Each structure stands twice: as C-alpha cells, then as structure tokens.
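A short worksheet on the structure shown next.
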Amino acid sequence: MDVLPNEEEQMVKNLAREFLEAECPPRLARDMEKDDLGYPPDLWRQMADLGWLGISLSEQYGGQGLPLTYLGLITEELGRAIAPVPFHSTMVAALTIAEAGTDQQRQDLLTRVSSGDLVLTWAFSEENPRYLPDTIRCQATEDGDSFILNGTKMFVDNFVAAEKCLVACRTAPATDNNHGISLLLVDAGSTGVSQIALTTLAKDKQSKVTFDNVRVPKANLIGDLNHGWRVAQRMLDRGTALLCAQMVGAARKDAEMGIDYAKNRVAFGRPIAGFQSIQHMCADMILWVDGGQLLTYEALWKMDQGLPAVMEVSQAKSFCNDKCEAVVRTSQVLHGGMGFMMEFDLHLWYRRVTAWSMRLGTSFEHRARIARALLDQPGQVRLGMNLEMPA
C-alpha cells in the first residue's frame, strides 16, 4: 500500500484547507464554545454543498462513493482548523447506517445526511467507559411494534445539535451465539429523552443523555436484533481512525505554530530556532505528526480494502494519544507562558488534542488490545474493541 496521497487526494486536501482557512478562523471556535448549538449551520450547509458530508457514502444516496481515506483527508483538515462542526459524530453514525441499515433506512437517512439536512450522533459509553459488550447496561425491551428504552449514556458528542442518535443497548442476555446487543436509532426529541451538558477540556458539546421509558419503533433497529455487537465494533474502529486523522491535523497545525514562533523569537541575539535543543524539539514534533499520519492512513486503507484493521487502528490511536499530545505540549514549551494565555490562540489546539486523546480508548487500553491480538493465532486477529488485558 502507498499511504502517501496521490494527485487527486492531494487536490481534495488542498481545496479543503483553502476553504477552511477562509471560512473557519480560530475566532469561530471561540464563538461556538459559548454557543448553545455549538456549530454554525451556514458553514455546515457549505460543507454539504462541497460534497464533504457524502464523500464516502454511496452515489445513490447523494454521496460520491469515495474510499474512507478521502473522508480521513477531510477530517484531518477539519482538525487542523479545529472546525466546530458535528462532522465526526455524523459520519460515524452515517457509515454505520450505510453498512447495516435497511434499504429504506439508507434512502431516508443518508440522502438527508449528504444534503446537510440531518445531523447524527451515536451513544455507546456508560458508567464503565470501556468499549466492551459487558459495559452496556442501557436496556431496551420489546413492547408490541416498539422498544422501550431505559438507561444513561455518557459523553455523547453533539447531542444538542443532532436530530437522531444511534444507541447501543442491551436487548437480551448474552449467550454463546451473541452478546445480546442491538443498535437503535432514537429521535433526540422523543418523550423521555433528556440531556445534561458536560464541561470538557475542549469546551465542545458533550452530553450525559438519559432515556426514561423512551418508545422507539422497531423500524428504527439498525442491523439484526441481539447481533449488533460486531456492527458496533466496526463503528468504533471507524470512529477511532477518523478521530486519529482529526488529532493529526490539529497537532500538525500546532507544530507549525511552534516552529514559526521559534524562527522569530529572538533570545541572546538570535532566533531560538538557532539553538540545537530547540531544533531537536521542532524535528521531534514533525516526526511525531508524520508517524501518526502514516499509521492512521494505513488503518483507513485496510478498512477500505475489507481487511482486518484492529491492530492498525489501535496502533494509530495509542501512538496519536501519546505523540500528538507530546506535540502540543512541546509547542507550549516553545511559546513559554504566553501559550497558556486565553487571549492567545495556541491553547485552542492544545485543549482539543488533549481531550481527543482520552476519547475512544486511552493508550493503555489500545496497547492492551494490541497485546491480546498478538496472542491470537496468526491470521486470527480479534475483531472489535476488546480492551481488557490478556489473562
């Protein structure tokens, strides 16, 4: 495989960067931190007009049918611009519907996603934040032609902006044949749904969502009843890889800001970039970002090819967690005290990269997953987000 972008991919990347530099300045991120909705609908509509929301969705649903690597390129540039839009949450849910939904669900929902008329999100984590079927306590019981949903989900991204939420819930006890997990698409405005805004380091829109006897039509079941765990695993893997792309984009911009500052900050009669120790720091930042980028696109490429990508996803996330965080910390060191001033833009990238490093699995959890996969027989790489340490 060649993880470097080809001519067409580079053109997509360049056009995305030009658009976001013009339409998404840092002040927009600051404004949306205080906004109740958390994103500007006009910018979202422009992104839909550019084809970004359907770039990896089928053409029959208004998309372009391009590989996940193209979606990764857009996500990377959104991370670079710290664009305050519900892109990640919508794409993760939409791709899951594209994979496991019925023809009618795809036609009704994905067409609206591609046109920018539908914002989606998804909910998995509960009190126990590990990505395992045993941690799902949110319960859905059958009642005629509906399910009655009860439970609480934590850190649901952009719930305040979403019209629908894809919820992983328990519909049956686990057996030898399945985990008893199903995926239900819940209308965010349904009776019995409530949310509490969570204060996060990134100051983005994360919610604690409670479902109290929420009636969900059986027609909203995504995938097979009681057999949704493998679909959820693939959803988590795609979401993790795309989050890595977002982290890489933000970290590269942060590194460039640090290097530019080192070139112009004069101390002892010369720019601090002239000191060898500073040069080493600048070189390390670029090496770390490049490494995260290569691992991320390897994971996306393998998923595009239908190949097992568990190892690659966890390698990318554990590396990005550590090294993208190291990049933004190093850039803070280069800037000194001014980097921590709220009036200075650098902290906008620092806060987001640090927050994203804690989502969809920590470094410890993903390394444990890699270790477990390595213990499996060759060619039998374990699917999904089983993050427990091997016995």
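Everything numeric here is computed off the predicted structure, so don't read it as measured data.
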Taking atom types as modelled, is there a side-chain donor on D42 or Q46 under 3.5 Å from an acceptor on the other?
-> no
All side-chain contact (heavy atoms from CB on, under 4.5 Å) counterparts of N158, not counting sequence neighbours = P86, S89, K205
Tell me, please, whether F275 has R270 positioned over its six-membered ring: NZ or CZ under 6.0 Å from the ring centre and within 45 degrees of its axis?
-> yes
Close aromatic pair by centroid cut-off 6.0 Å: F319 and H366 | no
Under 3.5 Å, is there a donor-acceptor pair linking the side chains of D117 and S115?
-> yes
Do R252 and D290 sit within salt-bridge range, that is, some charged N less than 4.0 Å from a carboxylate O?
-> yes
Ionic contact status for R369 with D237, cut-off 4.0 Å | yes
Can you tell me how far CH2 of W122 sits from CG of L236, rounded to the nearest 0.5 angstrom?
-> 5.5 Å
Answer with yes or no after comparing the ring centroid distance for Y70 and W52 against a 6.0 Å cut-off, counting only values under it.
-> no
Report yes or no: is the cationic atom of K153 (NZ for Lys, CZ for Arg) closer than 6.0 Å to the six-membered ring centre of F124, at no more than 45° off its axis?
-> yes
Between E99 and R234, is there a side-chain N and carboxylate O pair less than 4.0 Å apart?
-> yes
Ion pair check, K13 and E77, cut-off under 4.0 Å | yes
Any donor-acceptor N or O pair under 3.5 Å, side chains E312, Y297 = no
Verify side-chain contact (heavy atoms from CB on, under 4.5 Å) between I148 and V214, making sure each step is shown before the conclusion.
-> CA-CA 5 Å; I148 304 300; V214 177; over 6 Å; no
Are the charged groups of D187 and R215 less than 4.0 angstrom apart, N to O?
-> no
